[in-house]
There are 2 protein chains.
Amino acid sequence: MHSPELLKGTLQTILLKVLKDHGRMYGYEITQRVKELSHGHLLLTEGALYPALHKLEADGLLQTETVMTGKRVRKYYSLTNEGKSLVKERVSEFIEFIRTMGKVLQVQLN
Amino acid sequence: MHSPELLKGTLQTILLKVLKDHGRMYGYEITQRVKELSHGHLLLTEGALYPALHKLEADGLLQTETVMTGKRVRKYYSLTNEGKSLVKERVSEFIEFIRTMGKVLQVQLN
DNA sequence: TTATATACCTAATTCACTTATGTATTAATC
DNA sequence: GATTAATACATAAGTGAATTAGGTATATAA
């Protein structure tokens with residue numbers, strides 16, 4: 001696992017991008033997808049995930065749809081139009097930050 | 001300027017690596033060096049810088065030497081042996097994190 | 001002489017996270 | 001058939017690294 005300190009500030013970007021790439025997803029599904037994509041290196045904790053999803057929804061970037069599967073509740077999240085346009089911004093902001101860090105730390109990142 | 005959220009957790013790594021590459025430096029000098037290396041994209045605030053330096057010193061990673069230049073005080077920081085061995089760890093940890101983020105966000109970082 | 005740059009510092013506040021806990025259903029194992 | 005693990009949601013208390021906002025003082029440029 002990675003130092004959780006580094007994750008700070010990147011969670012929103014992860015959630016938005018994963019939802020952009022995959023479409024409609026529910027919370028638990030997101031944790032599994034991120035775990036898979038990162039080969040087990042990035043494990044989202046529920047205490048971070050759910051508040052983050054709620055905030056993105058409150059900010060109008062995500063919309064929800066609650067679905068019953070048998071007796072179990074699933075809350076599906078998907079990007080709003082506002083969310084869709086923000087993803088690109090956030091991702092390129094992150095890439096730009098990485099490039100800058102590469103210069104400051106004088107390391108090759110590829 | 002970058003979203004300051006992204007900086008969280010990376011400040012210690014920056015300070016250690018810049019001190020490793022440059023040798024003995026004082027606080028203000030570090031801010032100028034980082035500004036220069038990042039082409040003005042990364043501006044360290046004093047409220048973040050000085051507490052971070054003090055913490056690294058308290059943790060035994062940095063040692064200090066106070067020098068008077070005329071009537072002005074300069075506090076020089078340099079890596080201790082413990083600090084030197086930690087730099088490599090921190091930098092490779094950061095690189096590993098970036099690689100993982102690249103996979104999760106499905107972006108090319110070079 | 002007045003603003004800007006240099007040079008240090010800390011205290012109050014913010015906020016995204018961790019840790020801990022709670023509830024409940026479904027599937028696997030013993 | 002009972003217990004554990006996986007699925008699925010949620011919140012509350014605490015942490016800690018940052019921001020914001022202040023303070024002091026010297027040196028230089030306008």
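First the proteins, then the strands, lettered A, B, ... as listed; each starts at 1. As the structure is a computational prediction, the values presented were derived from the model and not from experiment.
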Is the side chain of [X] donor-acceptor paired with the backbone N or O of [Y] at a distance under 3.5 Å, no angle test?
{"X": "B/T31", "Y": "B/L44", "result": "no"}
{"X": "B/E29", "Y": "B/Y26", "result": "yes"}
{"X": "B/H22", "Y": "B/V18", "result": "no"}

Atom [atom1] of [X] to atom [atom2] of [N]: distance rounded to whole Å?
{"X": "A/K35", "N": "D/dA8", "atom1": "NZ", "atom2": "P", "result": "13 Å"}
{"X": "A/K75", "N": "D/dA8", "atom1": "NZ", "atom2": "C1'", "result": "12 Å"}
{"X": "A/L15", "N": "C/dA16", "atom1": "CG", "atom2": "P", "result": "13 Å"}
{"X": "B/Y77", "N": "C/dA7", "atom1": "OH", "atom2": "P", "result": "14 Å"}
{"X": "A/R74", "N": "D/dT7", "atom1": "CZ", "atom2": "P", "result": "10 Å"}
{"X": "B/I14", "N": "D/dA17", "atom1": "CD1", "atom2": "P", "result": "15 Å"}
{"X": "B/Q32", "N": "C/dT4", "atom1": "CD", "atom2": "C1'", "result": "13 Å"}
{"X": "B/F97", "N": "C/dC17", "atom1": "CZ", "atom2": "C1'", "result": "13 Å"}

Pair A/T13, A/L15 - check side-chain contact (heavy atoms from CB on, under 4.5 Å), show working. CA-CA 6 Å; A/T13 306; A/L15 298 178; over 6 Å; no

Starting from the C-alpha separation in whole Å, work towards a yes-or-no answer on side-chain contact (heavy atoms from CB on, under 4.5 Å) for B/E36 and B/R33. CA-CA 5 Å; B/E36 190 187 312; B/R33 181 91 183 112; 3.1 Å; yes

Do [X] and [Y] have side chains that approach each other closer than 4.5 Å (heavy atoms only, starting at C-beta)?
{"X": "A/I98", "Y": "A/T100", "value": "no"}
{"X": "B/K103", "Y": "A/S38", "value": "no"}
{"X": "B/R24", "Y": "B/E65", "value": "yes"}

Might you point out which heavy atoms bring B/D21 and A/L105 nearest each other, and give the distance in Å?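 Smallest interatomic distance, heavy atoms only, reads OD2-O, 4.2 Å.
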
Proximity to DNA chain C (any heavy atom under 4.0 Å), residues of residues 19-28 of chain B only: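 Nucleic-acid contacts, sorted: B/Y26, B/G27, B/Y28.
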
For a quick test of reading the model: is some side-chain N or O of A/Y50 closer than 4.0 Å to OP1 or OP2 of D/dC9?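 For A/Y50, the contact criterion (side-chain N or O under 4.0 Å from OP1 or OP2 of D/dC9) is met.
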
How far apart are the C-alpha atoms of A/T64 and A/E57, what are their side-chain angles, what is the distance that settles it, and do they pass the side-chain hydrogen bond (donor to acceptor under 3.5 Å, both in side chains) test? CA-CA 8 Å; A/T64 59; A/E57 188 187 4; 3.0 Å; yes

Are more than 12 heavy atoms from other residues, nucleotides or ligands located less than 6.0 Å from atom NZ of A/K75? yes

So if I take residues 51-60 of chain B and measure heavy-atom distances to DNA chain D, which residues fall below 4.0 Å? B/K55

Footprint string (nucleotides 19-28 of chain C, 5' to 3'): B base within contact, S backbone only, - free, heavy atoms under 4.0 Å: B-----BS--

